[in-house]
Structures are given as C-alpha cells and as structure tokens.
Number of protein chains: 2
Amino acid sequence: MRVSLKDVAAHAGVSIKTVSNVVNDYQHVTPAMRARVQRSIDALGYRPNLAARHLRKGRTGIIALALPEFGNPYFAELAAAVIDAAAEHDHIVLLDHTGGRREQEVLVSQAFRARVIDGLILSPIELAADDLRDRAEDVPLVLLGEREYDLPYDHIAIDNVAAARTAVRHLISLGCREVAFIGARRGNSEPAELRLRGWRAELTSAGLSVDDGLVAATDGWGYGDGAAAMVGILTGGRRPDAVFAYNDPMAMGAMRVLHEWGLRVPEDVAVVGFDDVVEGRFGAVTLTSVSPDKGAIGRLAVESVLARLGGTTSEVRRIRAGHRIVERESTLGRRHAANDGTIRVPS
Amino acid sequence: MRVSLKDVAAHAGVSIKTVSNVVNDYQHVTPAMRARVQRSIDALGYRPNLAARHLRKGRTGIIALALPEFGNPYFAELAAAVIDAAAEHDHIVLLDHTGGRREQEVLVSQAFRARVIDGLILSPIELAADDLRDRAEDVPLVLLGEREYDLPYDHIAIDNVAAARTAVRHLISLGCREVAFIGARRGNSEPAELRLRGWRAELTSAGLSVDDGLVAATDGWGYGDGAAAMVGILTGGRRPDAVFAYNDPMAMGAMRVLHEWGLRVPEDVAVVGFDDVVEGRFGAVTLTSVSPDKGAIGRLAVESVLARLGGTTSEVRRIRAGHRIVERESTLGRRHAANDGTIRVPS
DNA sequence: GCGCCGCTTTACAACGTTATACGACCCGAG
DNA sequence: CTCGGGTCGTATAACGTTGTAAAGCGGCGC
C-alpha cells in the first residue's frame with residue numbers, strides 16, 4: 001500500500017502537519033526537525049498523493065491542450081513546446097485532439113472530456129464565436145492560432161501580416177520580381193486575408209506592381225490544393241519567378257507542379273512556405289518557410305493560463321508571437337544563381 | 001463556486017449519498033427518487049469533482065503515454081490512436097515526450113513527472129532493462145515498440161520479421177531481383193536485426209541469392225544515415241534494383257541519393273520504407289512503406305493497462321500487432337514498367 | 001524568578017466523494 | 001395485529017492533504 005503522511009509521521013514520531021510542512025518547504029521548521037522528518041520520508045519512500053492535494057487545494061496541476069491533430073508536425077512541435085513550458089511551472093499537460101471538427105472543439109471548450117483540468121489551451125479550426133459565448137465553464141481558456149474571436153479570452157497568434165511581409169521581402173531580396181501568392185481563401189478566412197495583405201504591402205513598399213493575376217484562391221489548405229492553384233496560375237499563362245504559399249503543404253504541392261512543368265526550384269521559381277513543418281525539411285528540394293516561434297507560443301500560452309489562474313490578471317490579452325524565416329533549398333540556391341549574374345527569365 | 005453533492009442534496013431535500021447513488025447509477029433507487037434528484041442535478045448544473053472521486057477510489061482515470069517525440073508523425077499517429085482508444089474506455093491520456101533519452105525515459109518509467117496516473121504506456125528508445133528492473137512503482141507499465149526486455153511487463157510490437165518479409169515480397173513481386181537492405185545497425189539493435197532476418201528469409205524463400213554486399217549498416221536512423229548508406233552501396237559498385245530501408249526517413253535519404261546519381265525511382269530502383277510516416281506521402285516521389293497497425297497498437301496498449309488495473313490478469317502478455325504495406329509511387333510505377341515489358345537493367 | 005513574546009509544533013477541520021453499516025419502511029404471512 | 005424479510009434511504013466514517021488557530025517551548029527583559 002502507498003505510504004501516506006500519517007505513516008511518515010508515526011515513523012518520525014511527529015505530527016502529520018509537521019511532515020506536511022517539511023514536504024512543502026514551510027519556513028518555520030528547525031533544521032534538526034527537518035532532517036529527522038526527511039530521513040523518515042526517505043526511509044519509507046513517501047510520495048505525496050496528488051489526488052488528495054488537488055482535492056484540498058482545488059487545483060490539479062494539469063493543463064489541457066487541444067489541437068486539431070498531431071499528425072501535422074506543426075502541432076506536434078507546438079505540443080512539445082507547451083509540454084516543456086508547463087513542466088517549467090510544475091504543471092502537466094493533457095493533450096487532446098479535435099480533428100479540427102467544430103463538434104469536438106465545442107466539447108473540448110466545455111471541458112467535457114477532461115474535468116480534471118486547471119486550464120485549457122485550444123487551437124480552434126471551425127469553432128464559432130457563438131460556441132464560446134455561452135461557455136458556462138470556470139476553467140480559464142486560452143486560444144491559439146489565426147482565427148480571431150471577439151470574446152474575452154486570451155489569444156496568442158503570430159503577426160500574419162508581418163510574417164507574410166518577411167517572406168515576400170526575402171523573395172524580393174533574392175531578385176524575384178513576380179511573386180505569386182497561393183492560398184487566398186474563398187470565403188473569408190482571416191489568416192489568409194492577413195497574409196495576402198502582407199504580400200500586397202511588401203510588394204507595394206518595394207515599388208513592385210501588385211498583380212491579382214498572381215493570386216490563387218483555394219478552398220482547402222492541403223497539398224492537392226496547392227498543386228491545383230499552381231496549375232491554375234501556370235495554365236493562366238503566368239510565369240512568376242517566386243511563389244509564396246499560405247502554408248508548407250501547399251508550397252510543396254506547388255513545387256511538385258513546377259517540377260512537372262519543367263521549372264526548376266529555386267533557379268526558375270523560388271518558393272517560400274509557411275509554418276515550417278518538418279515535412280518541408282525532406283523531399284527532393286527542401287522548403288524555405290516562415291517559422292512561427294513555437295517555443296514562444298507554447299510559453300506564452302502556458303503563462304497566460306497560469307496568470308488567469310492566479311487571478312491577478314483580468315484584462316484580456318492578445319499576444320503576437322514572433323517568427324523567423326528558415327532558408328532552405330527552395331530559395332537558397334537562388335542566391336547563388338543571382339550571384340552568378342545569371343538571372344533566369346521565365347519564358 | 002462549484003456545486004457539490006451537498007448542494008444538490010439540499011436542493012432535492014435528500015441525503016448526500018442518495019444523490020451520489022443517482023449519479024453513479026446505483027441500482028436500489030426508486031424511479032421517482034431518481035427523477036427528483038436528477039431534476040436538482042440538472043437545475044444546479046452539478047458536475048462531479050474528479051479530484052475527490054479519485055481520492056476516494058484511488059483511481060484517476062488518467063493513463064500516461066510517453067513517446068520519444070511528437071515531431072515524428074509515426075508517434076503522432078500512435079498518440080492519436082491511444083487517445084481514441086482510451087476515450088472508448090472513459091479514460092484520459094496524459095502525453096509526455098522523452099526525446100528518446102534514457103534519463104527522461106527512466107524518469108517517466110518511475111512516474112516521476114506525473115504521479116496522478118493509473119497506468120503508463122511507454123515507448124522506449126534507450127531505456128535499459130536494468131532501469132526497469134528496480135522499478136519500485138505500482139502503476140502498471142506497458143511497453144511499446146521494438147526493443148525487447150526480458151521483464152514482467154506487457155509488450156506490444158509488430159512482428160518485424162513478418163513485416164520485413166512482406167516488404168521484400170512486395171519488391172520481388174514487382175520483378176526486383178537485387179534488393180538492398182539499408183539500416184542494419186552497428187551494435188546490436190534488435191529490430192534492425194529482425195528486419196534484416198526477414199529480408200534474408202524472404203529472399204531465400206524466393207530462391208534469390210542473399211548478398212551481404214547489399215546490406216548497409218548505419219549508426220543512426222535518420223535521413224542522413226540513409227543517404228550515406230545508399231552512397232556506400234553505390235560507390236561499392238553495386239546497382240540494386242530495389243531498396244528496403246529500416247525506416248521512412250532513411251528510405252527518403254536513399255531516394256535522394258538515387259536521384260542525385262541519376263537513377264530513377266521506381267523505374268530503376270524501387271524503394272520501400274518502414275513505419276508509414278506521413279512525410280513519405282509528400283515529396284517528389286511518394287514512398288511505399290510498411291504501415292504498422294497503429295490503431296491496433298493503441299487499442300491493445302490501452303486494454304493491457306486497463307486489464308492489469310482490473311487485477312484480473314497477472315500473466316505477462318507479449319502481443320504482436322498487425323501491419324500492411326501501403327503502395328505509393330516509389331514502387332507503384334514499377335508495376336507499369338513491368339507491364340510494358342521494359343524491365344530496365346541497371347548498368 | 002516571573003511574565004511575555006516569538007518561534008515551532010500540533011490538533012482539528014475541511015475539501016467532495018463513496019463504502020459500510022444501519023435504520024426506516026412496506027408488504028405479505030402467521 | 002405483529003413480525004420477518006426484503007427494499008430503499010441515510011448517517012457516519014473514511015480517502016490524504018493543507019489552512020487555521022491555538023498550544024508548547026524556549027529565551028529575554030525586568
């Protein structure tokens with residue numbers, strides 16, 4: 001049977017509370033007493049019962065993290081970041097996946113699946129603002145990702161406009177002049193809208209023309225959608241010298257199409273993706289990508305939950321996490337080409 | 001404040017235990033009483049406090065799952081499978097990652113990070129048998145993956161020999177005659193040994209010669225290791241018409257090298273990987289791979305933990321989960337080539 | 001030498017739930 | 001009408017921990 005405070009107390013010949021004080025590093029305990037109790041603790045191999053502690057304190061030390069799917073390396077890395085950040089604060093993470101389905105997301109947001117949690121970090125895909133509005137739950141909720149909700153919950157996302165500008169600036173710095181944008185969403189998807197805005201802003205500030213013929217709208221956000229969009233641009237007779245895609249899978253789909261059309265990446269067309277998914281690091285030509293600072297996102301998310309738990313903060317925080325561009329072959333070779341002076345002009 | 005049994009009892013004008021009986025579907029409760037209590041429960045929005053229940057019952061309903069990393073899609077999918085399987089049994093999964101580092105794995109196996117768990121599912125990489133031998137923990141442990149331990153813990157893995165044979169058989173059925181094996185491990189790594197054995201067995205049973213010049217040993221198990229091994233084989237003057245790799249990243253590394261050497265996949269060389277990692281589905285040439293039945297592994301793991309928790313089973317179970325081969329371009333095109341009658345012979 | 005004060009330690013109650021054991025009640029049989 | 005046996009409901013006591021308040025125990029000043 002598990003050994004409890006009572007057993008240790010009996011063994012050390014002191015009261016239960018004294019043992020508790022030692023365990024919790026309570027300050028007013030004589031060194032001698034502390035040592036004596038510690039010996040008993042070690043001798044019996046005492047380990048606190050968290051269930052009891054939780055019951056008493058009203059906290060479980062567990063934070064739930066609900067992501068659409070782990071199969072997507074972006075979320076896998078984000079999960080790792082959150083777990084590590086939580087560990088820093090002596091908290092444990094309970095992971096759940098929603099499949100990006102609204103129904104599951106609602107369930108999770110109501111903390112139905114897991115009622116043991118202190119707080120909840122949710123990365124929604126389909127969830128509607130109304131689903132959250134009548135949330136009758138007292139556990140703090142922090143939202144992650146690109147969807148914007150006009151609701152009193154902390155929200156952590158990267159600055160899409162700035163990140164898109166970074167990507168386009170990178171392409172322009174390589175000598176590209178006709179930068180296509182793949183992944184403007186049909187229907188109003190905020191992040192796509194913001195990244196498109198960044199694309200437009202950076203082109204404008206570089207003095208380049210903004211050509212809507214180089215923007216491809218898509219329904220989905222997968223590999224196939226990127227490929228189809230690229231086909232659309234090429235069959236439209238356009239020959240951009242760069243592609244900025246809404247995300248990595250779409251960029252890879254585009255690269256595949258470029259390959260099939262006999263266009264070389266990056267010599268003929270430079271390609272930049274978004275999210276820095278691990279998949280982009282493999283493949284025939286590795287993919288340059290905008291990399292959100294997942295570590296920062298995880299850390300900020302955990303800290304937001306804990307702050308709200310501490311009850312100190314009441315104001316709603318909207319945090320923009322950082323990003324950086326990770327250069328790989330889909331743009332890197334380009335620099336060499338440019339250095340050669342051989343700037344290839346697509347026919 | 002949260003509403004407790006006491007509040008509901010007061011509201012319904014009955015005793016606390018009666019409410020508890022209704023909540024737990026205890027049998028000796030009059031329908032009338034049950035309805036009356038249920039009305040109060042609904043009216044007050046009562047939800048049981050799990051911490052208290054756990055304290056009382058000694059169970060938390062939480063199973064920990066410790067994997068090397070989520071960045072690897074194989075583990076991400078496995079995690080999803082375990083979570084779903086656990087949900088089937090009204091249990092929640094607490095995910096942890098070890099980075100494949102022994103130190104972390106030991107920590108996890110001792111349930112140090114998470115002391116709230118009923119059971120533990122661990123997929124070890126470096127963990128030694130001795131680390132587990134003096135495990136002074138009473139929470140049931142189930143091991144996953146290829147490492148074999150001669151210890152009294154349930155273990156779930158796929159049949160490596162059979163799976164390797166399936167892969168090689170697939171290649172032979174496509175007309176391949178010289179099948180290289182990439183990823184025999186320097187040092188004794190059981191799974192690599194088993195897959196090598198499967199490779200050998202299938203070649204033998206097909207009446208083909210077993211040529212150790214086509215076996216490449218490696219230190220690691222990453223993309224670069226696969227590439228290096230492939231280079232080794234090619235510079236050795238060998239021109240296999242098929243490659244069976246220890247895992248998907250290594251297969252992709254090999255494919256890249258083949259590409260650089262001007263060899264086409266699958267026309268000149270067919271390639272099969274192992275694990276069916278999502279990454280293999282992207283890339284210039286999608287990768288055929290041996291796909292372990294992750295759903296089955298997850299389900300079996302959860303059931304093993306729960307069985308042990310129930311205390312009914314005492315015998316140690318070693319379970320072999322199933323597998324299947326997922327055919328993609330790295331072998332599929334080959335069939336067409338064969339159908340053409342144009343079987344290309346490498347120079 | 002006495003009283004007071006502050007530092008340690010302790011007793012007790014509570015957190016919300018469920019198991020145990022018992023009491024109240026109802027119905028049919030004696 | 002009473003008694004026995006089953007059914008249904010309840011009071012009480014845990015589970016292991018920590019906060020509160022008070023008691024013990026020194027030492028120090030007068």
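Lettering follows sequence order; numbering is per chain, from 1. This one's a predicted model, so the numbers in the text were calculated from it and none came from an experiment.
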Trainee: Looking at B:Pro124 and B:Leu143, what are the two nearest heavy atoms and their distance?
Mentor: CG-CD2, 4.2 Å

Trainee: What is the distance, to the nearest angstrom, from the OH atom on B:Tyr26 to the C1' atom on C:dT18?
Mentor: 11 Å

Trainee: C:dC15 C1' sits how many Å from B:Leu5 CG, rounded?
Mentor: 13 Å

Trainee: I need the residues from residues 11-19 of chain B with at least one non-hydrogen atom less than 4.0 Å from DNA chain D; give them sorted by number, or say none.
Mentor: B:Val14, B:Ser15, B:Lys17, B:Thr18

Trainee: Just by modelled atom types, is the B:Gly100 backbone N or O under 3.5 Å from a matching donor or acceptor in the B:Thr98 side chain?
Mentor: yes

Trainee: Does A:Lys294 count as lying over the ring of A:Phe75, i.e. NZ or CZ under 6.0 Å from the six-ring centre, within 45 degrees of the axis?
Mentor: no

Trainee: Take the C1' atoms of the five end pairs on each side of the helix from C:dG1-D:dC30 to C:dG30-D:dC1, derive the two axes, and give their angle rounded to 10 degrees.
Mentor: 70°

Trainee: Figure out the CG/P separation between B:Asn49 and D:dT17, and round it to whole Å.
Mentor: 17 Å

Trainee: B:Ala52 or A:Lys57: which one's nearest nucleotide on DNA chain D is closer to the 5' end?
Mentor: B:Ala52

Trainee: Ignoring hydrogens and angles, does a donor from either the side chain of A:Arg56 or the base of D:dT17 sit under 3.5 Å from an acceptor on the other?
Mentor: no

Trainee: Would you tell me if any nitrogen or oxygen in the side chain of B:Tyr46 comes within less than 4.0 Å of OP1 or OP2 on C:dT17?
Mentor: yes

Trainee: Calculate the interatomic distance between A:Lys6 atom NZ and D:dA14 atom P; express it in whole Å.
Mentor: 8 Å

Trainee: Can a salt bridge be assigned to the pair A:Arg102 and A:Asp131 using a cut-off of 4.0 Å between side-chain N and carboxylate O?
Mentor: yes

Trainee: Any side-chain N or O of A:Ser20 below 4.0 angstrom from OP1/OP2 of D:dT18?
Mentor: yes

Trainee: Considering only nitrogen or oxygen atoms on both sides, find all protein atoms under 3.5 Å from nucleotides 4-7 of chain C and state each distance.
Mentor:
none

Trainee: Looking across every strand, which nucleic acid part, if any, lies under 4.0 Å from B:Thr30 by heavy atom: base, sugar-phosphate, or nothing?
Mentor: sugar-phosphate

Trainee: Identify the heavy atoms of B:Arg59 and B:Leu309 that sit nearest to each other, and give their distance.
Mentor: NH2-O, 3.1 Å

Trainee: A:Arg59 has an atom CZ; how far is it from atom P of D:dG19, in whole Å?
Mentor: 12 Å

Trainee: Can you tell me the distance, in whole Å, between the CG atom of A:Leu55 and the P atom of D:dT17?
Mentor: 12 Å

Trainee: Could you check whether any side-chain N or O of B:Arg133 sits under 3.5 Å from a backbone N or O of B:Leu151, counting only pairs where one atom can act as donor and the other as acceptor?
Mentor: no

Trainee: side-chain contact (heavy atoms from CB on, under 4.5 Å) between B:Ile16 and B:Lys6: does it pass, once the steps are laid out?
Mentor: CA-CA 6 Å; B:Ile16 294 178; B:Lys6 188 158 65 177; 4.2 Å; yes

Trainee: At under 4.0 Å, does any side-chain N or O of A:Arg53 touch on OP1 or OP2 of D:dT18?
Mentor: yes

Trainee: Could you tell me how far apart B:Asp7 (CG) and C:dG16 (C1') are, to the nearest whole angstrom?
Mentor: 10 Å

Trainee: So what does B:Asn21 hit on the nucleic acid, given a heavy-atom distance under 4.0 Å: a base, only sugar-phosphate, or nothing?
Mentor: base

Trainee: Ignoring hydrogens and angles, tell me if any N or O in the side chain of B:Arg39 forms a donor-acceptor pair with the backbone of B:Arg34 under 3.5 Å.
Mentor: no

Trainee: Going through the distances and angles, do A:Arg318 and A:Asp154 end up as a salt bridge (Lys or Arg N to Asp or Glu O under 4.0 Å)?
Mentor: CA-CA 6 Å; A:Arg318 294 188 191 279; A:Asp154 288 348; over 6 Å; no

Trainee: Without swapping roles, check the side chain of A:His54 against the backbone of A:Thr60 for a donor-acceptor pair under 3.5 Å.
Mentor: yes

Trainee: If I compare all heavy atoms of B:Val93 with all of B:Ala86, which pair ends up nearest, and what's the gap?
Mentor: CG2-CB, 3.4 Å

Trainee: Could you tell me which non-hydrogen atom of A:Val8 sits nearest to which non-hydrogen atom of A:Ser40, and how far apart they are?
Mentor: CG1-CB, 3.9 Å

Trainee: Roughly, in whole Å, what's the span from CG in B:Asp25 to C1' in C:dT18?
Mentor: 15 Å

